[in-house]
Amino acid sequence: MKFDRKDLPVGTPVVGMVGGGQLARMTQEAAVALGIQLRVLAEGDTVSAAQAVADAPVGDYKDPETVRRFAAECDVVTFDHEHVPTDLLHSLEADGVAVRPGPDALVHAQDKAVMRARLDTFDAPSPAHQVVATAADVADFAKRVGGFPVILKTTRGGYDGKGVWFVDGPDDPQVATAFGSGVPILAEEKVDFVRELSAIVARSPHGQAVAYPIVESVQQDGICVEVTAPAPGLSPEKAAQAQQTALGIAGELGVVGVLAVEMFEARDGRLLVNELAMRPHNTGHWSIDGAVTSQFENHLRAVLDLPLGSPAARAPYTVMVNVLGGDVEDMHRGLLHCLARDPGLKVHFYGKSVKPGRKVGHVTAYGDDLEQTRERARHAAAYLTGTIDE
């Protein structure tokens, strides 16, 4: 059925989300509960969100006319990803479209060099960094931070470990690879960290903000594989510090919606900002089942300037494990075992075909005992992917 706003109940808000991935798909569940009409500008007819959102138009998010036509149907425009060109978003705002987060905020999630420079202006804790253009620049930077190895990152376009190189010296072949990417390169110190943390906050246009419990995330090959909420063993003082850092960044940058601040807990005790994401984030998926208000619901509330919901956890521990594609194509064949073994388990599939290493879903378990909760979530993910068979 073709979308027509006149067919909606009186007063129904329409939120447009650019991008049809799993984040948009999971946002739909929250939208339905609140009576919000979610519109999705999808990359194709069968992408994750297009399977769940009726009449999702297909189009190129880089094409101005396509995005303008889409935005004209919506009260507010938000994002499943950060890749819409900044100048296009400025033109939407000039046309009177409510873009949330706005381009002046979103650019800090699009461009790592812009992010680092802006964070420096208000002393947000960050690793040492420098934009570099030559191997000599890399060598000079390494000398300044105490020597190799250092990390090189593309300033734009990297994700899930792509566009990141660990280099051991100026002659490391990966230096040439990085500079051959065609994107400006940022050098950062290699932080000696104990673990990675994530601070997720939501902020509304009038400045109300809430902070979720700080979580621990586990990365393998640049991909998040597991999240534990709250981060085990993190002192209340450090948890509050991480939340205050994220809330401060959201306020300074004028973020509207969900902001995820990925951090390093360094061995020397520092909490350092690694990256920003201005949208619902993988490290917040636990909140669908484990928090009073999910990150997806609070994102919708924020962009519509509705009062934000409680981010409090429902149980002492929640563990989310990503289900990554492997050799088993039929993920659903494992549901009978997993759901019978653990009636408290929550399974979320994204409607994606299986490819090695691809995020095709996640499982969530919550409870009073951390190790038991971890075992439940890990077992389910492993069984669904065929890693174990009992």
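- Checked by atom type and distance alone, the side chain of D95 never pairs as donor or acceptor with a backbone atom of V97 at under 3.5 Å.
- The number of heavy-atom neighbours closer than 6.0 Å to CD of E29, taken from other residues, nucleotides and ligands shown, is 12 or below.
- Between the side chain of D75 and the backbone N or O of P13 there is no donor-acceptor pair closer than 3.5 Å.
- Taking hydrophobic clusters as Ile, Leu, Val, Met, Phe, Trp and Tyr residues chained together by side-chain heavy-atom distances below 4.5 Å, V107 does not share a cluster with L186.
- A199 and M263 make their closest contact through CB-CE, 4.1 Å (heavy atoms, listed as atom of the first residue, atom of the second, distance).
- In this structure, D168 and P149 approach most closely via the heavy-atom pair OD1-CB, 3.6 Å.
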Checking H299 against T27 for the side chain to side chain donor-acceptor pair (under 3.5 Å) test, could you report, in this order, the C-alpha distance in whole Å, the side-chain angles of both residues, the deciding distance, and whether it holds? CA-CA 8 Å; H299 186 73; T27 302; over 6 Å; no
Go through it in stages, so that I can follow the logic: the residues are R358 and S353, the test is side chain to side chain donor-acceptor pair (under 3.5 Å), and I'd like the CA-CA distance, side-chain angles, deciding distance and then a yes or no. CA-CA 9 Å; R358 186 186 205 183; S353 58; 3.1 Å; yes
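- K112 and E188 are not joined by a salt bridge, as no carboxylate oxygen comes within less than 4.0 angstrom of a charged side-chain nitrogen.
- Heavy-atom minimum distance, R374 versus P232: NH2-CG, 3.7 Å.
- Less than 6.0 angstrom separates the ring centroid of F296 from the ring centroid of H285.
- With a 4.5 Å cut-off on side-chain heavy atoms, L345 and V347 count as touching.
- The same ILVMFWY cluster, assembled from side-chain heavy atoms under 4.5 Å apart, contains both L106 and L276.
- Across all non-hydrogen atoms, the minimal contact from V256 to V303 is CG1-CA, 4.1 Å.
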Report the C-alpha distance between V258 and V201 in whole Å, list the side-chain angles of each, state the deciding distance to 0.1 Å, and finish with yes or no for side chain to side chain contact (heavy atoms under 4.5 Å, CB included). CA-CA 6 Å; V258 165; V201 299; over 6 Å; no
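- For T373 (side chain) and T318 (main-chain N/O), no donor-acceptor pair under 3.5 Å exists by modelled atom type.
- With hydrogens and angles ignored, the 3.5 Å screen pairs no side-chain donor or acceptor of D120 with any backbone N or O of A117.
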Under the side chain to side chain contact (heavy atoms under 4.5 Å, CB included) criterion, do T364 and I288 qualify, and how do the steps go? CA-CA 9 Å; T364 306; I288 299 174; over 6 Å; no
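- For residues 312-329, no pair satisfies salt bridge (Lys or Arg N to Asp or Glu O under 4.0 Å), with sequence neighbours left out.
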Under the criterion salt bridge (Lys or Arg N to Asp or Glu O under 4.0 Å), I'd like the reasoning laid out for K62 against D60: C-alpha separation, chi angles, the key distance, then a yes or no. CA-CA 5 Å; K62 296 180 181 178; D60 182 358; over 6 Å; no
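- H108 contributes a side-chain N or O that, together with a main-chain N or O of A105, makes up a donor-acceptor pair within less than 3.5 Å.
- Remark: side-chain polar atoms of N322 are not paired, donor with acceptor, to backbone N or O of L324 under 3.5 angstrom.
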Take L308 and T293 through the side chain to side chain contact (heavy atoms under 4.5 Å, CB included) test and state the conclusion after the steps. CA-CA 9 Å; L308 300 179; T293 312; over 6 Å; no
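- Just one of D369, V363, D342, V319 meets the side-chain contact (heavy atoms from CB on, under 4.5 Å) condition when paired with R376; it is D342.
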Test side chain to side chain contact (heavy atoms under 4.5 Å, CB included) on F193 and R267 and set out the steps. CA-CA 5 Å; F193 63 89; R267 203 168 298 280; over 6 Å; no
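- The shortest distance between side-chain heavy atoms of L271 and T245 does not fall below 4.5 Å.
- Hydrophobic cluster membership is shared by V150 and F179, with clusters built from Ile, Leu, Val, Met, Phe, Trp and Tyr side chains linked at under 4.5 angstrom.
- A pairwise comparison of heavy atoms in V40 and G19 identifies CG1-O, 3.4 Å as the closest pair.
- The shortest non-hydrogen separation linking V215 to A229 is CG1-CB, 3.5 Å.
- Put simply, the side chain of E262 never gets that close to the backbone of N274: no donor and acceptor are under 3.5 Å apart.
- The main-chain N or O of D63 is never found under 3.5 Å from a side-chain atom of R68 such that the two would form a donor-acceptor pair.
- Distance alone, capped at 3.5 Å, is enough to place a donor-acceptor pair between the R39 side chain and the D55 backbone.
- Placement of M278 and V15 in two distinct hydrophobic clusters is found when ILVMFWY residues are connected by side-chain heavy-atom separations under 4.5 Å, directly or transitively.
- Test K352, H348, H362 against Q22 for side-chain hydrogen bond (donor to acceptor under 3.5 Å, both in side chains) and you get one pass: K352.
- Ion pairing between a basic and an acidic side chain is recognised when a charged N comes within 4.0 Å of a carboxylate O; R341 and E375 show such pairing.
- The neighbour count for F166 CZ, taken as heavy atoms of other residues, nucleotides or ligands under 6.0 Å away, does not exceed 12.
- In this structure a side-chain-to-backbone donor-acceptor pair under 3.5 Å is present from S48 to Y350.
- Between F349 and H332, the ring-plane angle classifies as tilted under the 30° and 60° cut-offs.
- A cation-pi arrangement is found for R333 relative to Y383, the charged atom lying closer than 6.0 Å to the ring centre and inside a 45° cone about the ring normal.
- I185 places a side-chain heavy atom less than 4.5 Å from the side chain of W165.
- Residues Q110 and T86 have side chains that bring a donor and an acceptor to within less than 3.5 angstrom of each other.
- Transitive grouping of hydrophobic side chains (ILVMFWY, heavy atoms separated by less than 4.5 Å) keeps V227 and V323 in distinct clusters.
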